[in-house]
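Take a look at the structure set out below.
As the structure is a computational prediction, the values presented were derived from the model and not from experiment. Letters go in sequence order (proteins before strands), and every chain restarts at 1.
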Amino acid sequence: VSTLDASWWITAGRTNVQEEPEVKKEREAKDDGRYIIFYTFEDEEEED
Amino acid sequence: LNQLRWDPTLREWVAYATHRQDRTFLPPAEYCPLCPTRPGGFPTEVPRESYEIAVFENRFPSFAPNAPVPDEEGSVLTPTAPGRGICEVVLYSDDHDATLATMSERRIRNLIEVWADRYEELGASEEVEYVFIFENKGEAIGVTLHHPHGQIYGYPFIPPRPAKELEAAREYREHEEGRCLHCDLLSQEHEDARRVLIKGEHFTAFVPFYAHFPFEAHVYSRRCAPSIADLESAERRDLASVLKRLLVDYDSLFGFSLPYMMVMHQAPTDGGAYDGIAHFHIEFYPPNRTADKLKYLAGSETGAGAFIMDVLPEVSAETLRGKIEGS
């Protein structure tokens with residue numbers, strides 16, 4: 001599996017920026033050429 | 001093979017994707033292709049030991065980005081076209097036994113972020129005119145994999161049902177001095193109140209006056225936001241809260257995890273103007289009319305397009321509201 005592009009962080013374009021969960025988006029290529037994207041959220045460790 | 005054929009009698013495209021006949025069908029949990037790939041285990045669709053939310057291109061897509069021009073040329077009356085588009089699978093969790101109803105509000109909130117991101121990314125693709133986000137849940141709906149997941153179809157056209165809805169909203173706007181059809185429907189539901197299930201700060205869940213399924217529910221944004229990507233942070237948080245409550249109540253309706261189809265209607269991504277016409281909302285269609293009886297789309301529904309209902313929306317809303325108030 002190769003990484004197609006570097007991990008990047010979605011930044012909020014809306015007004016309440018401080019309330020947006022920060023998310024890491026990683027896009028990778030699968031063995032057959034299809035893509036898979038992993039979304040990891042900073043706030044998930046504080047599960048309610 | 002991804003091919004479109006035009007039905008001139010209904011004026012709509014039919015998509016053919018014959019490779020889907022070979023897709024994985026209800027594998028045992030230990031061979032679930034949507035679970036993470038465990039050390040020493042068989043390789044699944046997800047080449048990681050764990051994940052939060054993941055999205056990948058469907059292995060058996062109904063539409064594909066590089067679909068070739070069909071060998072079957074059709075005719076002037078019945079043309080064909082390549083079935084070009086994008087089909088994605090959205091994995092809600094790496095927990096095989098979870099459902100949207102059992103997930104935390106925070107996870108649902110994060111899923112909304114992912115849906116919004118996919119709407120924007122797929123919608124930016126030239127071949128995609130409509131981003132359709134949906135979930136089929138339960139064997140009664142025909143799911144082939146139990147792992148909690150939804151799907152996204154990036155259609156190369158605006159599909160018939162949203163197109164019909166948008167046309168109605170456009171005509172209403174023209175004849176009613178610029179008013180939004182969905183805003184007015186929501187106001188009517190608020191005023192009547194008999195079919196309202198949950199009233200959040202920014203979203204309302206209700207059984208529509210004209211429900212087509214016994215326990216159908218719609219979740220409307222109070223503000224006239226054209227798409228999920230237009231929702232503000234507080235709106236996304238409230239949507240997660242309203243969805244969580246509705247799904248928990250659905251599961252308490254008959255005492256089992258309720259099957260449903262969940263679909264999102266929003267602005268097409270064909271470059272048209274949809275402000276005041278497209279109004280983001282989610283529709284749920286559970287097939288159950290009782291715990292052990294299903295509503296089938298039979299002769300009248302399928303052949304005539306006319307739904308026949310044996311439960312009034314006010315009655316099903318009262319039943320659902322009883323569950324909500326008791327929960």
Quick check with a 6.0 Å cut-off and a 45 degree axis cone: is A:Arg34 positioned over the face of B:Phe56's six-membered ring? no

If you round to the nearest 0.5 Å, how far is [atom2] of [Y] from [atom1] of [X]?
X	Y	atom1	atom2	value
A:Glu22	B:Asn110	CD	CG	12.0 Å
B:Tyr51	A:Ile36	OH	CD1	8.0 Å
B:Asp117	A:Tyr39	CG	OH	3.5 Å

Non-hydrogen atoms of chain A under 4.5 Å away: do they reach the side chain of B:Val46, the backbone, both or neither? both

In terms of heavy-atom proximity below 4.5 Å to chain A, should B:Ile112 be classed as side chain, backbone, both, or neither? neither

For B:Phe42, all residues meeting ring-ring contact (aromatic ring centres under 6.0 Å, His included), sequence neighbours excluded: B:Tyr31

Under-4.0 Å salt bridge between B:Glu57 and A:Lys30: no

Report the C-alpha separation of B:Arg48 and A:Glu28 in whole Å, then their side-chain angles, then the decisive distance to 0.1 Å, and conclude whether the salt bridge (Lys or Arg N to Asp or Glu O under 4.0 Å) test is met. CA-CA 11 Å; B:Arg48 283 196 182 182; A:Glu28 297 176 0; 3.0 Å; yes

For B:Asp94, give me all partners under salt bridge (Lys or Arg N to Asp or Glu O under 4.0 Å), at least two apart in sequence or on another chain. none

Test your reading of the model: is there a side-chain donor-acceptor pair from B:Glu52 to the backbone of A:Phe41, 3.5 Å cut-off? yes

For B:Glu88 and A:Tyr35, does a side-chain donor sit closer than 3.5 Å to a side-chain acceptor? yes

